[in-house]
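Structure first, commentary second.
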Amino acid sequence: MLWLWDNLDLVLGLTADHVRLSIIPIVVGFIVCIPFGWLANRYTVARTILLTLGGVLFSIPSLALFVTLPALLGTRILDEANVVVALCIYAIAVMVRGAADAFSSVSRDVISSSTAVGFSAVSRFWTVEFPLAGPVLLASLRVVSVSTVSLLSVGSLIGVQSLGYLFINGYQRDFPEEILIGIVFTVIVAVLFDTILVLVGRLLMPWTRATRRRRWVTSATASVSA
Amino acid sequence: MIEFHSVTKRFPDGTLAVEDFSLVLPSRKTTVFVGSSGCGKTTLLRMINRMIDPSSGSIEIDGVDIASGSAVALRRSIGYVMQNSGLLPHRRVIDNVATVPLLKGVKKVDAHTQAMELLDTVGLDRALAYRYPSQLSGGQQQRVGVARGLAVNPNILLMDEPFGAVDPIVRDDLQQELLRLQHDLDKTVVFVTHDIDEAFLLGDQVVILEKGAQIAQVGTPKEILANPASDFVASFIGADRGKRRLAVDSTVSRSGDDVVLVDGAGYVAGVIEAPGGVLPGAGAGVSTNSRARSVSNKTDQAGDA
């Protein structure tokens with residue numbers, strides 16, 4: 001523990017880098033997956049292509065992708081952008097399937113009755129389909145969030161600053177305490193992100209909690225309404 | 001007034017759902033489309049608000065072809081109530097009722113005030129306004145659905161088997177409520193059901209449909225019961241099995257002024273007042289051997305639904 005207090009600035013600085021670099025892929029994955037998910041849900045052909053592509057992309061080893069991207073993007077080999085772009089690709093690869101499932105989880109009856117009462121296609125998408133796809137979208141986003149936070153550590157192998165530095169440095173110096181602290185702080189970041197996502201979900205989707213309480217509510221009001 | 005002119009609908013898979021259908025649905029009356037599943041009755045209903053476009057023929061509302069304007073504007077001017085209510089699960093009851101006024105740009109405060117009044121109209125406690133649909137019973141959800149259908153004060157209300165998924169007691173309740181509403185509000189109601197008792201109870205004009213939306217018979221419930229146009233109609237309304245043909249049961253000894261009625265199969269259907277052994281409305285001398293027709297013997301015909 002003493003090592004942590006002595007190096008608190010280093011650890012907190014790396015944690016800040018870690019947070020900063022993992023937020024981008026999570027946000028990008030979420031935004032990009034919405035049109036892709038809609039397409040995949042709308043057209044069977046698009047679904048097959050997008051989900052296969054997602055599966056293939058996700059199977060590329062992260063280190064291989066990190067070192068290939070500079071050639072493809074024209075960036076310098078040590079550029080942060082390489083890691084961020086690679087993690088965006090992984091995030092999208094995971095989120096596309098989740099988003100396709102999310103949009104197909106919305107009840108046909110609700111969509112059809114929304115059309116029948118006079119929603120235009122655009123307003124129906126944003127005010128009915130998108131919010132109702134929310135719970136499943138959130139579930140995928142939580143997976144993406146955790147996987148991004150853990151994958152980012154690999155970026156340290158190509159010199160991008162993150163908590164992964166503590167693993168490499170600790171390993172090279174044969175100093176387990178440093179590795180342990182790296183793990184603990186990575187977990188803290190992952191749990192922090194997850195908690196934020198769950199809280200935001202509760203705030204934006206209050207009806208999901210109302211539904212979960214349903215059993216209790218109906219039994220409590222049954223005697224009243226009867 | 002809604003007019004169908006030789007309307008045909010063939011779906012892309014080749015199914016001929018509606019074939020050359022022509023009919024006038026009078027204003028401020030309830031027209032019920034009744035038939036077995038797959039007869040095209042829902043397709044007919046959904047063509048009125050352009051959820052489905054006809055393959056050929058035209059539909060006019062008050063003399064205007066509905067295909068001439070925008071589908072979205074048309075739908076916003078017509079109330080729509082469906083089975084399982086079709087409410088938005090992520091909106092509170094009050095927002096569900098106010099959905100269409102809000103879409104049309106009515107101010108939220110005004111839309112909510114009006115929505116509260118509509119809850120009264122359909123007999124719902126205002127305390128339910130801030131619940132989510134999933135927190136209501138099936139019957140309450142249907143009432144919210146009706147309130148939503150009425151929210152833009154439409155001239156036309158389309159109802160697609162709205163009471164099909166609720167239990168019989170609640171259904172009775174909702175049917176009575178609809179009769180009361182129709183009495184007060186005077187809408188042109190188009191109602192789809194497969195339940196002939198419901199059709200006879202609610203319809204001013206009942207349209208019995210065969211496959212391909214072929215009209216087997218159109219008329220008031222009385223006309224149809226009195227003169228079924230074909231064996232199909234007779235069988236559909238249950239007349240051939242004697243379910244609606246009631247006779248006085250002479251084997252039961254009378255106590256008081258009521259006599260027992262039985263249906264064609266010999267099951268007890270109810271009682272009828274017969275002071276001094278004479279049925280009301282029957283001519284002199286016609287007594288316990290006469291037969292009476294009943295329009296609403298439904299309570300004892302649960303198996304018929």
Side-chain angles (χ1 to χ4, degrees), chain A residues 34 42-45 102-139 200-226, chain B residues 42 45-46 48-52 70-93 95-104 124-125 127-128 130-140 145 148-149 151-152 154 158-160 162 165 169-170:
Chain A
I34 292 167
R42 184 87 172 68
Y43 305 102
T44 324
V45 183
F103 286 116
S104 68
S105 75
V106 180
S107 147
R108 299 268 123 217
D109 273 358
V110 172
I111 294 178
S112 136
S113 87
S114 309
T115 312
V117 300
F119 278 90
S120 66
V122 175
S123 64
R124 191 189 69 202
F125 178 80
W126 288 111
T127 57
V128 179
E129 294 176 61
F130 181 57
L132 289 179
V136 183
L137 281 174
L138 178 64
V200 168
R202 279 192 189 179
L203 209 64
L204 295 180
M205 301 183 286
W207 72 92
T208 51
R209 299 177 65 222
T211 310
R212 211 174 298 148
R213 284 204 311 263
R214 184 186 176 188
R215 194 177 296 263
W216 180 81
V217 170
T218 42
S219 61
T221 52
S223 52
V224 180
S225 58
Chain B
T42 297
L45 184 88
R46 290 161 75 90
I48 298 172
N49 68 350
R50 293 185 61 188
M51 290 291 284
I52 297 174
S70 102
V72 169
L74 176 78
R75 289 175 195 142
R76 287 181 189 176
S77 71
I78 296 178
Y80 187 86
V81 185
M82 65 188 280
Q83 195 174 353
N84 299 322
S85 76
L87 297 175
L88 300 174
H90 62 304
R91 298 268 179 89
R92 293 173 194 277
V93 165
D95 291 310
N96 263 293
V97 176
T99 302
V100 189
L102 288 173
L103 277 176
K104 288 177 108 172
L124 276 176
D125 192 340
L128 299 176
Y130 295 98
R131 298 262 182 93
Y132 287 99
S134 62
Q135 297 171 308
L136 305 185
S137 71
Q140 289 170 329
R148 178 174 74 167
V152 282
L158 306 180
M159 308 187 84
D160 186 2
I169 294 170
V170 176

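Treat the numbers as computed from the prediction; the structure is a model and nothing was measured.
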* Report the distance from atom OG of A:Ser123 to atom CG of B:Leu102, rounding to the nearest 0.5 Å. => 12.0 Å
* Between B:Leu87 and chain A, which part of the residue has a heavy atom less than 4.5 Å away: side chain, backbone, both or neither? -> backbone
* Closest non-hydrogen atom pair between B:Leu88 and A:Phe119, with its separation -> CD1-CZ, 4.0 Å
* Asked: For chain A, which of B:Gln83, B:Arg91, B:Met51, B:Arg148 has the most heavy-atom pairs under 4.5 Å?
  -> B:Met51
Can you give each donor-acceptor pair under 3.5 Å made by side-chain atoms of residues 105-112 of chain A, sequence neighbours left out, with the distance rounded to 0.1 Å?
{"residue": "A:Ser105", "atom": "OG", "partner": "A:Ala102", "partner atom": "O", "Å": "2.6"}
{"residue": "A:Ser107", "atom": "OG", "partner": "A:Asp109", "partner atom": "N", "Å": "3.2"}
{"residue": "A:Ser107", "atom": "OG", "partner": "A:Val110", "partner atom": "N", "Å": "3.2"}

* Looking at OG of A:Ser113 and CG of B:Asp160, how far apart are the two atoms once the value is rounded to the nearest 0.5 Å? -> 11.0 Å
* Could you state the interatomic distance from OG (A:Ser120) to CZ (B:Arg75), rounded to the nearest 0.5 Å? -> 10.0 Å
* **Choice from B:Val81, B:Leu103, B:Val72, B:Ile78 maximising heavy atom contacts with chain A below 4.5 Å** => B:Leu103
* Members of residues 129-137 of chain A whose heavy atoms come closer than 4.5 Å to chain B -> A:Pro131, A:Leu132
* Asked: Where is the tightest heavy-atom contact between B:Pro89 and A:Trp207, given as atom of each residue plus distance?
  -> O-CB, 3.6 Å
* Please state whether the side chain, the backbone, both or neither of B:Val100 comes within less than 4.5 Å of a heavy atom of chain A. => side chain
